[in-house]
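Here the structure is laid out as structure tokens; the discussion comes afterwards.
Since the model is a prediction, treat every value here as computed from it, not as a measurement. First the proteins, then the strands, lettered A, B, ... as listed; each starts at 1. All heavy atoms count here, side chains included; hydrogens, waters and symmetry mates do not.
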There are 2 protein chains.
Amino acid sequence: MAAVTKHRTEPELSTVDSLAQISFLVQGMLERRAGEDDFSLIQMRLLGVLRDRRPTINELARLLALDKSSVSGLVDRAERRGLVRRGPSPVDGRSVLVSLTREGRALARQVARRFTADIDLLLEPLSPPERARLTTLLSRLLVAHAAKRGVDLLATSDLAGR
Amino acid sequence: MAAVTKHRTEPELSTVDSLAQISFLVQGMLERRAGEDDFSLIQMRLLGVLRDRRPTINELARLLALDKSSVSGLVDRAERRGLVRRGPSPVDGRSVLVSLTREGRALARQVARRFTADIDLLLEPLSPPERARLTTLLSRLLVAHAAKRGVDLLATSDLAGR
DNA sequence: TATTGTTATACTCTATAACTATA
DNA sequence: TATAGTTATAGAGTATAACAATA
């Protein structure tokens with residue numbers, strides 16, 4: 001009962017179902033891991049986006065596809081917990097620049113590490129070449145989709161904390 | 001510039017990233033489609049679960065991994081919109097049985113149809129044998145994961161409305 | 001005038017705790 | 001007593017609309 005080669009007899013889901021289900025599964029893992037540190041998924045996304053950016057509230061709203069008022073509240077709550085800070089913009093007196101605190105960065109990294117471990121475990125049933133094939137197929141879908149639309153690829157890539 | 005065979009040069013994401021991103025992408029599609037009919041994702045899940053079940057509030061709470069009080073409110077709001085109904089249990093005077101109304105069923109079907117179209121479009125870059133390979137790989141992950149835990153496979157399979 | 005961000009308001013979603021009515 | 005469901009309460013998350021400050 002070691003590893004592979006008995007998947008021939010499984011009923012196998014439809015492609016739509018398998019994609020839908022894997023998305024729920026992966027999101028559930030991320031949500032659970034974030035929840036262990038009392039994060040919501042959207043808070044995790046916020047921290048992820050801030051890993052290599054110092055955006056204004058407006059830019060955050062675009063990156064997260066939320067209204068600026070929603071982002072304002074999101075940042076409020078994260079700031080209250082010491083995870084992010086608001087700073088002045090040197091070029092526009094109306095703007096604020098949101099950035100991670102050290103604590104926020106550390107926490108985001110922790111969650112990302114645990115989440116990655118979950119995914120590694122999930123991938124265990126596949127052999128290395130099978131994983132490579134899966135990665136290639138998914139990447140092609142993502143790249144093609146990003147090409148069709150704008151460049152959401154980068155925005156969403158931060159969600160998992162990389 | 002028709003279809004395939006230029007994916008060799010792409011940078012290609014890591015396996016973790018590709019899974020994380022595809023999950024956000026698919027969830028976003030589902031959320032957007034549900035939102036067109038003013039559904040939330042959880043309302044969509046509720047309707048999906050009810051497609052072939054007539055559960056009690058407690059059973060719903062287990063299926064959706066929510067507290068029974070959360071489910072109570074969820075069902076309240078869906079009932080107020082005429083999507084589900086509460087009925088008496090013939091075997092336990094304390095229980096209620098939740099079921100879809102015709103309108104709820106029709107609406108769930110509509111959303112599922114549009115969502116499926118999104119996924120089909122997403123899959124366009126892959127040839128039929130490539131889709132089959134992707135489906136097989138994902139199915140194996142899902143089946144293995146379900147086997148490791150209980151049988152969440154069935155519960156989550158309804159989420160997309162099948 | 002237009003834009004950036006905040007605030008007021010309203011609603012959904014969620015959980016905990018207390019309650020009721022059955023069992 | 002124990003269980004099923006509801007309700008009261010509290011809080012996060014979301015959007016719309018109105019606002020203050022700056023451009």
- Task: Starting from the 5' end of DNA chain D, give me the residue, A:Ala65 or A:Lys68, whose nearest nucleotide shows up first.
- Result: A:Ala65
- Taking for A:Gly93 and for A:Ile42 the nucleotide of DNA chain D with the nearest heavy atom, the one nearer the 5' end belongs to A:Ile42
- Between CZ of B:Arg45 and CG of B:Leu74, what distance do you get to the nearest 0.5 Å? 10.0 Å
- A:Leu41 CG to C:dT12 P, in whole Å, measures 22 Å
- Return the value, rounded to whole Å, for the distance between atom CG of A:Asp76 and atom P of C:dT7. 7 Å
- Query: Roughly how many Å is it from CD in A:Glu31 to C1' in D:dG13, rounded to a whole number?
  - Reply: 13 Å
- Item | Along DNA chain C (nearest heavy atom to each residue), the more 5'-positioned of A:Asp67 and A:Ser95 | A:Ser95
- Would you kindly give the CG-to-C1' distance between B:Asp92 and D:dA2, to the nearest whole Å? 12 Å
- Query: Over how many whole Å does the gap from A:Ile57 atom CD1 to D:dA21 atom C1' extend?
  - Reply: 15 Å
- Spacing between B:Asp38 atom CG and D:dT14 atom P, to the nearest angstrom: 16 Å
- Query: What nucleotide among D:dA12, D:dG5, C:dT6 has an atom nearest to a side-chain atom of A:Arg80?
  - Reply: D:dA12
- Message: Side chain of A:Ser70 only, heavy atoms from C-beta on: which candidate in D:dT14, D:dG13, C:dG5 is closest?
- Response: D:dT14
- Please check the phosphate of D:dG13 (OP1 and OP2 only) for any side-chain N or O of A:Arg77 closer than 4.0 Å. yes
- Polar pair under 3.5 Å, donor/acceptor by atom type, side chain B:Arg94, base D:dT3: yes
- What is the distance, rounded to the nearest whole Å, between atom CD of A:Glu59 and atom P of C:dT4? 10 Å
- When rounded to the nearest 0.5 angstrom, what distance separates NE2 in A:His145 from CG in B:Leu123? 11.0 Å
- Task: Kindly say whether, by distance alone, the side chain of A:Ser69 makes a donor-acceptor pair under 3.5 Å with the base of D:dT14?
- Result: no
- Query: Separation of A:Asn58 atom CG from D:dA23 atom P, in whole Å?
  - Reply: 15 Å
- Item | Closest non-hydrogen atom pair between B:Val26 and A:Ala20, with its separation | CG1-CA, 4.1 Å
- Query: Do B:Glu124 and A:Lys148 pass the side chain to side chain contact (heavy atoms under 4.5 Å, CB included) test, and can you show the C-alpha distance, the side-chain angles, and the key distance before you say yes or no?
  - Reply: CA-CA 12 Å; B:Glu124 219 178 35; A:Lys148 265 187 225 165; 3.9 Å; yes
- Query: Among C:dG5, D:dG5, C:dT4, which is the nearest nucleotide to the side chain of B:Thr56?
  - Reply: D:dG5
- D:dT6 phosphate, OP1 or OP2, under 4.0 Å from B:Ser72 side-chain N/O: yes
- Please test A:Arg53 against A:Glu59 for salt bridge (Lys or Arg N to Asp or Glu O under 4.0 Å), starting from the C-alpha separation and ending with a verdict. CA-CA 10 Å; A:Arg53 280 189 199 79; A:Glu59 288 165 349; over 6 Å; no
